[in-house]
Amino acid sequence: RKLPLIFLLVAIFSVCARLAHAVLVQPYSYFTHLFPTHFRLDSLFFGVVLSYWYHFHSDKFSASIKRVRLFLFPVSLCLIMPAFVWDQSNFITYTVGLSSLYLGYGGLMIALLQIPLPTKGFSGGMLKPFSYIGQHSYPIYLFHVMILERLLKLDLLRNWFGLVLYFVSTITVGILLSKLIEFPV
């Protein structure tokens with residue numbers, strides 16, 4: 001019962017911090033307006049809350065999702081749509097838009113978790129690599145910007161090869177760090 005209240009407080013703090021920072025610190029910069037963890041605590045905590053409800057209160061969680069299932073997918077798509085309309089430097093995008101993104105992508109994830117996926121046959125075989133990558137998604141998320149910065153400094157992101165290099169290296173580093181640090185801990 002305390003978890004939703006704590007999340008709400010963290011979410012309000014994060015939005016207020018992003019709004020104050022957006023007004024007081026100009027011009028916009030990715031590294032000052034999007035990158036700092038204290039502006040993103042709400043999205044990290046939202047993922048933790050969803051995981052907690054899914055794993056420890058699955059019956060109530062599933063029952064709640066069934067009540068809103070019809071609306072979950074379209075509302076989630078509407079919540080992430082601004083990210084495809086406005087760029088990162090738009091005031092709305094880097095303030096309340098970040099909340100909209102995690103709510104939208106969280107809703108999509110919940111909606112997709114309700115769909116039974118094949119584990120056997122051709123379809124199951126095609127999904128297996130994505131499942132493996134998904135097991136290591138948190139370190140991939142944590143270190144993708146570091147890898148992006150390094151590849152940008154080396155001027156390696158100018159063509160399709162650079163994009164492939166970015167994805168392969170990000171996934172590889174994430175999996176390695178997951179096996180070396182996250183899983184053992």
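When side chains are defined from C-beta on, Leu44 does not count as touching Tyr102, because their heavy atoms never get closer than 4.5 Å. Phe91 is listed as a side-chain neighbour of Val23, based on a closest heavy-atom distance under 4.5 Å. Side-chain contact between Phe73 and Ile110: absent, with no pair of heavy atoms (C-beta onward) separated by less than 4.5 Å. With contacts defined as side-chain heavy-atom distances shorter than 4.5 Å, the pair Ile80/Tyr105 qualifies. Residues Ser99 and Asp42 meet the side-chain proximity criterion, which asks for heavy atoms closer than 4.5 Å. Within the 4.5 Å cutoff, no side-chain heavy atoms of Ser178 are placed close to those of Tyr138. Using a 4.5 Å heavy-atom cutoff, the side chains of Leu157 and Leu148 are in contact. Looking only at side-chain heavy atoms (C-beta outward), Tyr28 and Tyr30 come within less than 4.5 Å of each other.
Of the N and O atoms on the side chains of Arg150 and Ser169, not one donor lies less than 3.5 Å from an acceptor on the other residue.
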Assess the residue pair His57 and Tyr52 against the criterion (ring pair (Phe, Tyr, Trp, His ring centres under 6.0 Å)); give the C-alpha distance rounded to whole Å, side-chain angles, the decisive distance to 0.1 Å, and a yes or no. CA-CA 7 Å; His57 300 284; Tyr52 173 79; 5.2 Å; yes
Run the side-chain contact (heavy atoms from CB on, under 4.5 Å) check on Asp87 and Thr93 step by step: do they pass? CA-CA 7 Å; Asp87 66 7; Thr93 301; 5.7 Å; no
Quick one: do His144 and Tyr166 satisfy side-chain contact (heavy atoms from CB on, under 4.5 Å)? Show the steps, please. CA-CA 8 Å; His144 80 280; Tyr166 167 68; 3.2 Å; yes
Please walk me through it: do Val48 and Trp53 pass side-chain contact (heavy atoms from CB on, under 4.5 Å)? CA-CA 9 Å; Val48 171; Trp53 285 336; over 6 Å; no
Check the pair Ile175 / Tyr132 against side-chain contact (heavy atoms from CB on, under 4.5 Å), numbers first and verdict last. CA-CA 9 Å; Ile175 290 172; Tyr132 182 77; 3.7 Å; yes
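Connection of Phe61 to Val68 is not established within any shared hydrophobic cluster, with ILVMFWY side chains joined at heavy-atom distances below 4.5 Å, either directly or through further cluster members. Residues Phe130 and Tyr141 do not share a hydrophobic cluster, defined by chaining ILVMFWY side chains whose heavy atoms lie under 4.5 Å apart. Following chains of ILVMFWY side-chain contacts shorter than 4.5 Å, one can reach Val49 starting from Phe56, so the two form part of one hydrophobic cluster. Following chains of ILVMFWY side-chain contacts shorter than 4.5 Å, one cannot reach Ile12 starting from Val96, and the two form parts of different hydrophobic clusters. Follow the hydrophobic side-chain contacts under 4.5 Å out from Leu177 and you reach Met146 in the same cluster.
Once rounded to the nearest 0.5 Å, the distance linking CD of Glu149 with CG of Leu151 reads 10.5 Å. Remark: Ser76 OG to Leu108 CG distance equals 4.5 Å, nearest 0.5 Å. Remark: Ile92 CD1 to Leu98 CG distance equals 12.0 Å, nearest 0.5 Å. We find the CG-SG distance between Leu103 and Cys78 to be 13.0 Å, quoted to the nearest 0.5 Å. Annotation: the span from Ile171 atom CD1 to Phe143 atom CZ amounts to 15.5 Å, rounded to 0.5 Å. To the nearest 0.5 Å, atom OH of residue Tyr54 and atom CD1 of residue Ile65 are 11.0 Å apart.
Thr170 places no side-chain N or O within 3.5 Å of a backbone atom of Ile140 that could act as its donor or acceptor partner. Proximity of a side-chain donor or acceptor of Asp155 to a complementary backbone N or O of Arg158 within less than 3.5 Å is not detected. Using a distance-only test at 3.5 Å, with no hydrogens or angles considered, no donor-acceptor pair links the side chain of His136 to the main chain of Ile133. In this structure a side-chain-to-backbone donor-acceptor pair under 3.5 Å is present from Ser43 to Arg40. The closest donor-acceptor contact from the side chain of Thr172 to the backbone of Val168 lies under 3.5 Å. With hydrogens and angles disregarded, no donor-acceptor distance shorter than 3.5 Å links the side chain of Ser131 to the backbone of Leu127.
For Phe71, the ring-ring contact (aromatic ring centres under 6.0 Å, His included) test picks out no residue, with sequence neighbours left out.
The ring of Phe13 has its center no closer than 6.0 angstrom to the ring center of His38. Ring centers of Phe39 and His21: under 6.0 Å apart, within the cut-off.
Atom CZ of Phe167 is surrounded by 12 or fewer heavy atoms from other residues, nucleotides or ligands within 6.0 Å.
Ala83 and Leu101 get closest at one heavy-atom pair: CB-CD2, 3.7 Å. For the residue pair Ala22 and Thr95, the shortest heavy atom distance occurs at CB-CG2, 3.6 Å.
Aromatic ring orientation, His33 versus Tyr94: perpendicular (interplanar angle above 60°, classes split at 30° and 60°).
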